Amino acid sequence: MTEPSTQQPRRSPLPPTATDTDSGGRSTVPLDSTAQLLTRVTAQLATQLSLVSRNGTRRPMHRTRPSDTPRLPAAPRPSPAEAAPPTLLVVAHGSRDPQALRTVLALLDRVRDLRPGLDVRLGHIELNQPLLPDTLDGLRGADAVLVPLLLGRGHHVKHDLPAAAAAAPSVRTRIAAPLGPHPLLVEALYGRLVEAGWDPADEGGRRAAVVLAAAGSRDPDSAQDTRRTARMLAERLGAVPVVPAYASAATPTVPAALRALAARGRHRTFVASYFTAPGRFASAAASAAPRTAAVPLGAHPAMARLLLHRYDQALSATAPSEMVSLLASA
């Protein structure tokens, strides 16, 4: 009796054809036939070959963005209004008194506190460092507004500042008006008088008076500006007499003004120091006072606000004629 064969039927090494079926009549063709595989390989080769140029180099692949993906906007360019503002260059006279420089630096710190981010620098006409030409030399290619730390029109404002600006053609400069006359100066003068002992009860009194002690100048416009400030301070004090007097170059002197007021029965007199910082003239005026004299205007908050006001005023005056008007009538 012959044993049944256990040998498995030999499988064809070739993949089944499309007509192969199992005993149930179902197709045994795999997902990818040989023809399909060849088609896919051919397509992939064609794609790769399309990325190669005739000289054998590979062409760059261009990625496409889906049509429904929004493009990000380009970064906006800064507008002129967002550009850095011009430098505020405070021009002080200068003094051999060491307190003068410290006082001016304290004033500039107040200005920076009021307007953070503004470039605030200092230049002196004489006697102190940095000198104005040196500060301008450090601003080559920049814009700057020269704001004089001076209380009225005179030789420095009319001649020295324009000459310094003309000698620095690499800096685009504007020159602001001097600080006085202005109500903010009167506010600072009044504050210093109160610190020195001025009693508001004296306002309108028959014995009270004030001497406004200024440096003095041979320029008649400077004296006119000082007289105008004296009138404004008198109004602030309730019609108390305020007499302008000078430490040099003009009359009356501070002692002469005090004697004249005493002759009129004004024995309760105060000396208002119309100086931006301590110095020889301020000390001489204070020594003539019958009682404690007011200290110079210095770093009073109103002074910082006034410097910024003159800076803004110069920026708004774009035409040369407007600048001339500012210097003539401020």
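Positions are given from 1 along the sequence. The shown structure was predicted, so the numbers you read here are calculated from the model rather than taken from an experiment. Hydrogens, waters and symmetry mates are skipped; everything else that's a heavy atom, side chains included, is used.
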Taking atom types as modelled, find out whether Gln224 and Arg227 have a side-chain donor-acceptor pair closer than 3.5 angstrom.
no
The complete set of ring pair (Phe, Tyr, Trp, His ring centres under 6.0 Å) pairs with one or both residues in residues 112-158, sequence neighbours excluded, reads His93-His156, His155-His159
Interatomic distance, CG@Leu297 vs CG@Leu184, rounded to 0.5 Å, equals 11.5 Å
To the nearest 0.5 Å, atom NE2 of His300 lies from atom CG of Leu185 at 10.5 Å
When every non-hydrogen atom of Val210 is compared with those of Leu261, the smallest separation belongs to O-CD1, 4.3 Å
Interatomic distance, CG@Leu101 vs CG@Leu127, rounded to 0.5 Å, equals 11.5 Å
Hits for side chain to side chain contact (heavy atoms under 4.5 Å, CB included) against Asp119, two or more places apart or cross-chain, chain-then-number order -> Thr87, Arg121, Leu139
Residues pairing under ring pair (Phe, Tyr, Trp, His ring centres under 6.0 Å) where one sits in residues 207-266, two or more places apart or in two chains, turn out to be none
CG of Asp113 to CG of Leu108, rounded to nearest 0.5 Å, is 11.0 Å
The reported gap from CD in Gln313 to CG in Leu315 (rounded to nearest 0.5 angstrom) is 10.5 Å
Test: Asp109 and Arg112 ion pair at under 4.0 Å: yes
Residue pairs meeting salt bridge (charged side-chain N to carboxylate O under 4.0 Å, His left out), one or both in residues 235-259, sequence neighbours left out, come to none
Between the NE2 atom in His182 and the NE2 atom in His309, the distance rounded to the nearest 0.5 Å is 3.5 Å
Exercise for review: Identify whether the distance between the nearest side-chain nitrogen and carboxylate oxygen of Arg268 and Asp199 falls below 4.0 Å.
Suggested key: no
### Polar side-chain atom of Arg266 near backbone of Arg206 as donor-acceptor pair, under 3.5 Å
yes
What one should report as the nearest heavy-atom pair of Thr226 and Ala214 is CG2-CB, 4.0 Å
So salt bridge (charged side-chain N to carboxylate O under 4.0 Å, His left out) across residues 139-150, not counting sequence neighbours, yields Asp137-Arg140, Asp143-Arg172
List the atom pairs, donor and acceptor, that lie under 3.5 Å between side-chain atoms in residues 274-283 and the rest of the protein, sequence neighbours left out.
| unit_1 | atom_1 | unit_2 | atom_2 | d |
| --- | --- | --- | --- | --- |
| Tyr274 | OH | Thr229 | OG1 | 3.0 |
| Ser283 | OG | Gly279 | O | 3.0 |

